[in-house]
Protein chains: 2
Amino acid sequence: MSANSRLTIAAHALAWIGLYQRQGHEVATSEQIATSANTNPVVIRRLLGELRRAGLVESRRGVGAGWSLARELGSMTLLDVYEAVEPGPLFAMHRTTPDQGCVVGYGIQPAMQGVYEGIEETLRHELARVTLENVLRDVLAAPR
Amino acid sequence: MSANSRLTIAAHALAWIGLYQRQGHEVATSEQIATSANTNPVVIRRLLGELRRAGLVESRRGVGAGWSLARELGSMTLLDVYEAVEPGPLFAMHRTTPDQGCVVGYGIQPAMQGVYEGIEETLRHELARVTLENVLRDVLAAPR
DNA sequence: CTTGTTGCAACCTTCGTTGTTACGACTGCG
DNA sequence: CGCAGTCGTAACAACGAAGGTTGCAACAAG
């Protein structure tokens, strides 16, 4: 699977902004976050734009502009972030419709749909158990 | 996420072979399965090759050749299939190493690693609860 | 020997993600 | 008002994964 680092980078950005604000700063720039994540500022702006649409962060423009949290880290879960940055389902159906004249071709999609829905529900439940506050705590707890 | 249909197609193929064998046939050909799944026989052979390496199916060559189940559908779970056809992890870390001089850049990977491991474990547990027998039963239960 | 099927390599197309450049929009400050 | 710093966003290239396609060697039943 073309595994996806979007959730990782988004969590990185949120933890960074949260920590930076706790150090007394008003806003963080995409440039600073990009340096920490070792990527391009535009990538960060794109991701944070999706988080803004989800109401997790706010942005200011003009001189001294940048990004700030719209809510406390403790009230944000990885599920909020996941839903903001990951559009599609975890598993896909066939790219082309299977043979509807075949018993298996006809019934396989509803059958797998049921399984996949249950799994995604479980995944959401797991993601909802972890707040960004938890993530930041674990980040700071890393041994040096 | 570039969602993946490999698990779906693999389950389709296994259910098809299982049903076909119950109808009294010895082996199924990749051609027949490809017709049902509306794809190319080579795609099916590639997938079934991975399932063979995992010990789920067997293949015979020569005239009258084809694929057969190596075990009962009831003893195969979606986890077996998942592990056979999906190599990588669900979520990826940064593609480039984050800034190790930054507190967040340093601690983010271990923090997310811990979260992701827990989630993958839960996913495996869910997949292990569904046997291919369950899948075939649901396939046949689809209303016409 | 012929025939039908797998095994496998090679290549192309498509698609999603990431990286990069460019430029307009906005705003605080002098 | 003009400048400078930053966001907002479009456009495009680079890259990799997955799927589709073709071709052919290997194999085995008859």
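All chains are named by letter (A, B, ...) in the order of the sequence lines, taking the proteins before the strands, and each is independently numbered beginning at 1.
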Q.
As a test of understanding, state which of Glu83(B), Glu117(B), Glu86(B) forms a salt bridge (charged side-chain N to carboxylate O under 4.0 Å, His left out) with Arg124(B).
A. Glu83(B)
Q. Can a side chain N or O of Ser5(A) be found less than 4.0 Å away from OP1 or OP2 on dT17(C)?
A. no
Q) How close or far is atom C1' of dG8(D) from atom CD of Glu31(A), stated in whole angstroms? A) 16 Å
(Q) Rounding to an integer number of Å, can you tell me how far Leu47(A) CG sits from dT9(D) P? (A) 14 Å
(Q) It should be established whether Ser59(B) places a side-chain nitrogen or oxygen under 4.0 Å from OP1 or OP2 of nucleotide dG7(C). (A) yes
(Q) What is the distance, to the nearest angstrom, from the CG atom on Leu51(A) to the P atom on dG8(D)? (A) 12 Å
Q | Arg60(B) side chain vs Gly66(B) backbone, donor-acceptor pair below 3.5 Å | A | no
Q. For Glu58(B) and dG7(C), what is the distance between atoms CD and P respectively, to the nearest whole Å?
A. 12 Å
(Q) With a cut-off of less than 4.0 Å, is there a side-chain N or O of Asn40(B) near OP1 or OP2 of dG19(D)? (A) no
Q) Nearest to the side chain of Val42(A) - dA22(C), dT21(D), dG7(C)? A) dA22(C)
Q. Considering only side-chain heavy atoms of Asn4(B), which listed nucleotide, dT3(C), dG19(D), dT21(D), is closest?
A. dG19(D)
Q: Whole angstrom is fine here: how far is it from CD1 in Ile33(B) over to C1' in dG19(D)?
A: 17 Å
Q.
Does either side chain, that of His12(A) or that of Ser36(A), offer a donor lying less than 3.5 Å from an acceptor on the other one?
A. yes
**Q.** Side-chain H-bond candidate by donor/acceptor type, Ser59(B) with Arg52(B), under 3.5 Å
**A.** yes
Q: Answer yes or no: does a side-chain N or O of Arg52(A) lie under 4.0 Å from OP1 or OP2 of dC7(D)?
A: no
(Q) It should be established whether Thr39(A) places a side-chain nitrogen or oxygen under 4.0 Å from OP1 or OP2 of nucleotide dG19(C). (A) yes
Q) Side-chain N or O of Thr29(B) less than 4.0 angstrom from OP1 or OP2 on dT5(C)? A) no
Q. The side chain of Arg95(A) lies closest to which of these nucleotides: dG20(D), dA28(D), dC7(D)?
A. dG20(D)
Q: Would you mind reading off the distance between Trp67(B) atom CH2 and dT5(C) atom C1', rounded to a whole angstrom?
A: 10 Å
Q. Atom CD1 of Ile17(A) and atom P of dC7(D): how far apart are they, to the nearest Å?
A. 10 Å
Q. Looking only at side-chain N and O atoms, does Arg46(A) come under 4.0 Å of OP1 or OP2 in dT17(C)?
A. no
Q) Does the dG8(D) base have a donor-acceptor partner in the side chain of Arg45(A) within less than 3.5 Å? A) yes
**Q.** Contact nearer the 5' end of DNA chain C, comparing Thr96(B) with Arg53(B)
**A.** Arg53(B)
**Q.** Spatial distance of atom CG (Leu7(B)) from atom CG (Leu127(B)) [nearest 0.5 Å]
**A.** 6.5 Å
Q: For the residue pair Thr77(A) and Tyr82(A), confirm or rule out a side-chain donor-acceptor distance under 3.5 Å.
A: no
(Q) Both Val63(B) and Ala28(B) contact DNA chain C. Taking the nearest nucleotide for each, which residue is further toward the 5' end? (A) Val63(B)
Q | Sugar-phosphate, base or nothing in reach of Gly64(A), heavy atoms under 4.0 Å | A | nothing
Q | Distance in angstrom units between Arg6(A) CZ and dT17(C) P, rounded | A | 6 Å
Q) Does dA28(D) have OP1 or OP2 sitting under 4.0 Å from an N or O in the side chain of Arg61(B)? A) no
